[in-house]
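Predicted model, so just to flag it, every value in this text is computed and none were measured.
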Amino acid sequence: MRKPQRFMTLHRHILEGERKHPEATGELSALLADLALAAKVISLEVNKAGLIDILGFTGDVNVQGEQVKKLDVYAHETIVSAMDHGGHLCLMASEEEEDIIHIPKHHRIGKYVLLFDPLDGSSNIDANVSIGTIFSIFKRKSPDGTPGTIEDALQKGVEQVAAGYIVYGSSTIFVYTTGEGVHAFTLDPAVGEFLLSHENIRIPEKAHIYSINEGNYKYWHQGLKNYIKHIQDADNRGEKPYSARYIGSMVADIHRNLLYGGIFIYPADKRNPNGKLRLLYECNPMAFIVESAGGRAIDGKRRILEIQPEKLHQRVPIYIGSKEAVDMVERFLQEAEE
Ligand code: P6P
């Protein structure tokens, strides 16, 4: 009889990872499984979104008489409702919500904190460009059994116990790390399971892809201009030329660079001294993932994961990707300061 195909589901992979830690209670595994369910629900809606115009749904009320929500609000509400009753969380915070999100009183309060960007890059959905959900998980600092506090959300990125993203593209891929390798699972819609597609992803140390919005060139500081000019001259030095790849969706850009090698940059510039991307919901989780895959992530001076957050929606500049590339841009930025 043919040996059954060894397919590793996300759920089985998480449980096998948990078994390596005798002290594990299974709560983190259950939390990640709840997130995977939310991801499947969001994926279904995102992939239908393109049909809204084709099927003639009205702008506000669709054929089922339901209120058609903006996709990022829909994704936010899907994650909150999937995660608020599992008993694993004391608190949530979302890029879509001004303040922290408390767990409803009638639900058990758990020991984890979930920070998330429900649908990053959602402005791209009408052009059918890949978008994504990003999440970051911490253990609470405040006493067990009490409602979570803002301090539980404002922890340094080094304190993360897990982080990941789901990219809704030509396929839906769930990528996560608990600090022991970075693993990717592709959704098989036929069976409704995330199946292991890339185990222990390592970002190539050398990079020949750079991702940055060159439309902001005139606002860049000199050190960054010097770096970009340097890499654009690579072939004049007999080196392999670089390619510019910028999707304008952080999850898609980072996912490609994670697999192929590359550097993603959203810098501080003369208009935005803190760049654009959020520390809690985008930069910290992506930094944990990329560092766990052998890369680096800095704000130009500091390791992203060492930054002490001051506010929920704090923005930081980010230079993230292959180690050699981040080392090089760091040198150009330092030299320009001297
Ligand atoms: P810009 C999408 O709006 C986003 O938050 C990230 O996903 C993306 O990397 C960045 O902003 C794009 O910003 O200013 O280049 O359009």
Side-chain angles (χ1 to χ4, degrees), residues 1-21 24-51 71 74-89 110 112 114 116-121 125 128 130-137 161-202 249 251-252 254-256 258-259 285 288-289 292-293:
M1 185 177 79
R2 219 155 54 92
K3 197 163 162 251
Q5 183 196 5
R6 179 185 182 270
F7 63 79
M8 173 65 78
T9 62
L10 171 61
H11 190 56
R12 182 173 154 194
H13 193 272
I14 292 167
L15 289 178
E16 291 192 358
E18 178 197 308
R19 282 194 206 112
K20 293 177 196 157
H21 299 273
T25 61
E27 281 208 73
L28 181 60
S29 301
L31 206 172
L32 288 167
D34 290 349
L35 263 176
L37 175 62
K40 291 177 195 172
V41 172
I42 295 168
S43 174
L44 206 60
E45 200 63 21
V46 164
N47 290 319
K48 218 167 47 187
L51 290 175
L71 269 175
Y74 174 85
H76 167 81
E77 292 175 353
T78 299
I79 293 171
V80 171
S81 55
M83 305 305 296
D84 69 358
H85 59 280
H88 314 301
L89 297 174
Y112 291 105
L114 173 67
F116 60 96
D117 180 354
L119 206 57
D120 180 74
I125 191 72
N128 202 25
S130 300
I131 54 180
T133 297
I134 311 170
F135 63 87
S136 168
I137 299 170
V161 293
Y165 59 81
I166 299 97
V167 52
Y168 311 103
S170 48
S171 51
T172 294
I173 298 184
F174 188 109
V175 179
Y176 87 101
T177 186
T178 56
E180 293 170 356
V182 178
H183 315 290
F185 299 78
T186 300
L187 181 63
D188 178 342
V191 294
E193 280 290 357
F194 281 107
L195 303 180
L196 182 65
S197 46
H198 304 74
E199 191 162 32
N200 277 320
I201 298 173
R202 303 296 293 169
S249 184
V251 175
I254 298 269
H255 185 66
R256 181 209 48 245
L258 194 63
L259 297 178
F288 186 26
I289 291 163
S292 299

Tyr176: side chain to side chain donor-acceptor pair (under 3.5 Å) partners, not counting sequence neighbours |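 Applying side chain to side chain donor-acceptor pair (under 3.5 Å) to Tyr176 gives His13.
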For the pair Val46 and Ile131, evaluate side-chain contact (heavy atoms from CB on, under 4.5 Å) and give the outcome as yes or no after the intermediate values.
-> CA-CA 9 Å; Val46 164; Ile131 54 180; 4.1 Å; yes
Minimal non-hydrogen separation, [X] against [Y], with atom names:
X	Y	result
Asp34	Gly86	OD2-CA, 4.2 Å
Ser249	Gly121	OG-CA, 4.2 Å
Ile134	Pro285	CG2-CG, 3.5 Å
Gly110	Glu27	CA-OE1, 4.5 Å
His255	Ile173	NE2-CD1, 3.9 Å
Phe288	Ala163	CD2-CB, 3.6 Å

Within the structure provided, determine whether [X] and [Y] are in side-chain contact (heavy-atom separation under 4.5 Å).
X	Y	answer
Asp84	Leu89	no
Met8	Glu16	yes
Leu35	Leu114	yes
Ile79	Ile42	yes
Val182	Leu258	yes

Pairs of donor and acceptor atoms involving the side chains of residues 185-196, under 3.5 Å and at least two apart or interchain, shall be tabulated with distances.
{"from": "Thr186", "atom 1": "OG1", "to": "Ser197", "atom 2": "OG", "distance (Å)": "2.9"}
{"from": "Asp188", "atom 1": "OD1", "to": "Ala190", "atom 2": "N", "distance (Å)": "2.8"}

What is the distance from atom [atom1] of [X] to atom [atom2] of [Y], rounded to the nearest 0.5 Å?
X	Y	atom1	atom2	answer
Asp120	Tyr168	CG	OH	11.0 Å
His11	Leu37	NE2	CG	11.5 Å
Leu259	Ile201	CG	CD1	5.5 Å

Quick check against the 3.5 Å criterion: does [X] have a side-chain atom that pairs as donor or acceptor with the backbone of [Y]?
X	Y	result
Arg256	Val251	no
His183	Asn200	yes
Thr133	Tyr165	no

For Leu32 and Ile137, what are the C-alpha separation, side-chain angles and deciding distance, and is it a side-chain contact (heavy atoms from CB on, under 4.5 Å)?
-> CA-CA 10 Å; Leu32 288 167; Ile137 299 170; 4.0 Å; yes
Set of side-chain contact (heavy atoms from CB on, under 4.5 Å) partners for Ser130, sequence neighbours left out =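 With sequence neighbours excluded, Ser130 shows a side-chain contact (heavy atoms from CB on, under 4.5 Å) to Val167, Ala252, given in chain and number order.
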Intermediate values then yes/no, side-chain contact (heavy atoms from CB on, under 4.5 Å), Leu119 and Tyr74 = CA-CA 9 Å; Leu119 206 57; Tyr74 174 85; over 6 Å; no
